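To keep things clear, I will list the structure first and then write my remarks on it.
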Amino acid sequence: MLRALALCLALFAAQPASAQSFNQQEQAEIRAIVRDYLVRNPDVLKDALAALETRVSSQRWREVTADRRDFSIGPADAPIVIVEYFDYRCPYCHAAYEWVSDLIRTRRDVRLVLKELPVLGPASMEAARASLAAMPQGRYWEFHRALISYRGDLTPAAIDTLARRSGIDVARMRRAMEDQAITRQLEEVRAQAIEYQFDGTPGFVINGETTPGFHRATLEARLREAARQARTRQQAQR
């Protein structure tokens, strides 16, 4: 019966020209077979929906991690990808920076993707816009480290000083900050954070699995699991 169902579904998935070879009575009979089978075997439909959801999630994850507008560091083919949604004024993001930078320095199986999520007011927004505006100058990582390590008020003057110390052309950065492309990027990142159900910063996504907040033990456990899964995939491909 399962093979018959598969055949029926394949026929209905065919091009319209192929489907036209069945008359209305035959098409009605095929629909009845499919409907009857699904009523008797509801787990088949559940499995199909689960498989569809997995494919959609995988496609979404590829879109999130492959956006060329975002800064990323680490091997392009790293088996573990960590996406961090952060705010430069968030104290928990400050605490997470040491853990994140240690990973980048010590592991070659991790790629980090950074996404600005300014949720703590105008100063956070200005810092995020400044970091994105400075990216074309090729000093994003240096500027990011300066901003995320800063413990004072992120006033415009402080942002400019940190940018200058990071090797950024401040006048060029300030002009680029008004670009509507940056506004769109920040809006899209915020939509992603809502999609992942993050209600604050930081928010981490490790190989598609979300971890809100900075809980080092939880993140390291998730990282170990991601590494184990990556080894299993590599072994299966040999």
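All values reported here derive from a predicted model rather than from experimental measurement. Both backbone and side-chain heavy atoms feed into the values below; hydrogens, waters and symmetry mates do not.
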Any luck finding a side-chain donor-acceptor pair between Arg129 and Thr183 under 3.5 Å? yes
Please report the C-alpha distance between Glu116 and Ser131 in whole Å, then the side-chain angles of each, then the deciding distance to 0.1 Å, and finally whether the side-chain hydrogen bond (donor to acceptor under 3.5 Å, both in side chains) criterion is met. CA-CA 9 Å; Glu116 284 85 352; Ser131 67; 2.9 Å; yes
Hey, quick one: are Leu117 and Phe71 part of the same hydrophobic cluster, counting side-chain heavy atoms closer than 4.5 Å, chains of contacts allowed? no
Salt bridge check, Asp87 against Arg89: does any charged N sit closer than 4.0 Å to a carboxylate O? no
Return yes when atom CD of Glu195 has more than 12 non-hydrogen atoms of other residues, nucleotides or ligands closer than 6.0 Å, and no otherwise. yes
Would you say Leu103 and Leu112 are hydrophobically clustered, going by side-chain heavy atoms of ILVMFWY under 4.5 Å? yes
Any salt bridge between Arg216 and Glu220, counting N to O under 4.0 Å? yes
For Arg233 and Pro79 the tightest heavy-atom approach is NH2-O, 3.8 Å
Could you check Arg190 against Glu187 for salt bridge (Lys or Arg N to Asp or Glu O under 4.0 Å), going step by step and ending with a plain yes or no? CA-CA 5 Å; Arg190 186 176 184 85; Glu187 289 173 348; over 6 Å; no
Can Arg174 and Glu126 be counted as an ion pair, charged N to O under 4.0 angstrom? yes
Under the ring-ring contact (aromatic ring centres under 6.0 Å, His included) test, which residues partner His144, sequence neighbours left out? Phe86, Tyr88, Tyr140, Trp141
Is there a chain of hydrophobic side chains (I, L, V, M, F, W, Y, each step under 4.5 Å between heavy atoms) that links Phe198 to Ile148? no
Just checking, is any N or O donor in the side chain of Arg62 or Gln59 under 3.5 Å from an acceptor N or O on the other one? yes
Any chain of hydrophobic side-chain contacts (each under 4.5 Å) joining Tyr92 to Val83? no
Does any donor atom in the side chain of Gln192 or Glu188 lie under 3.5 Å from an acceptor atom in the other side chain? no
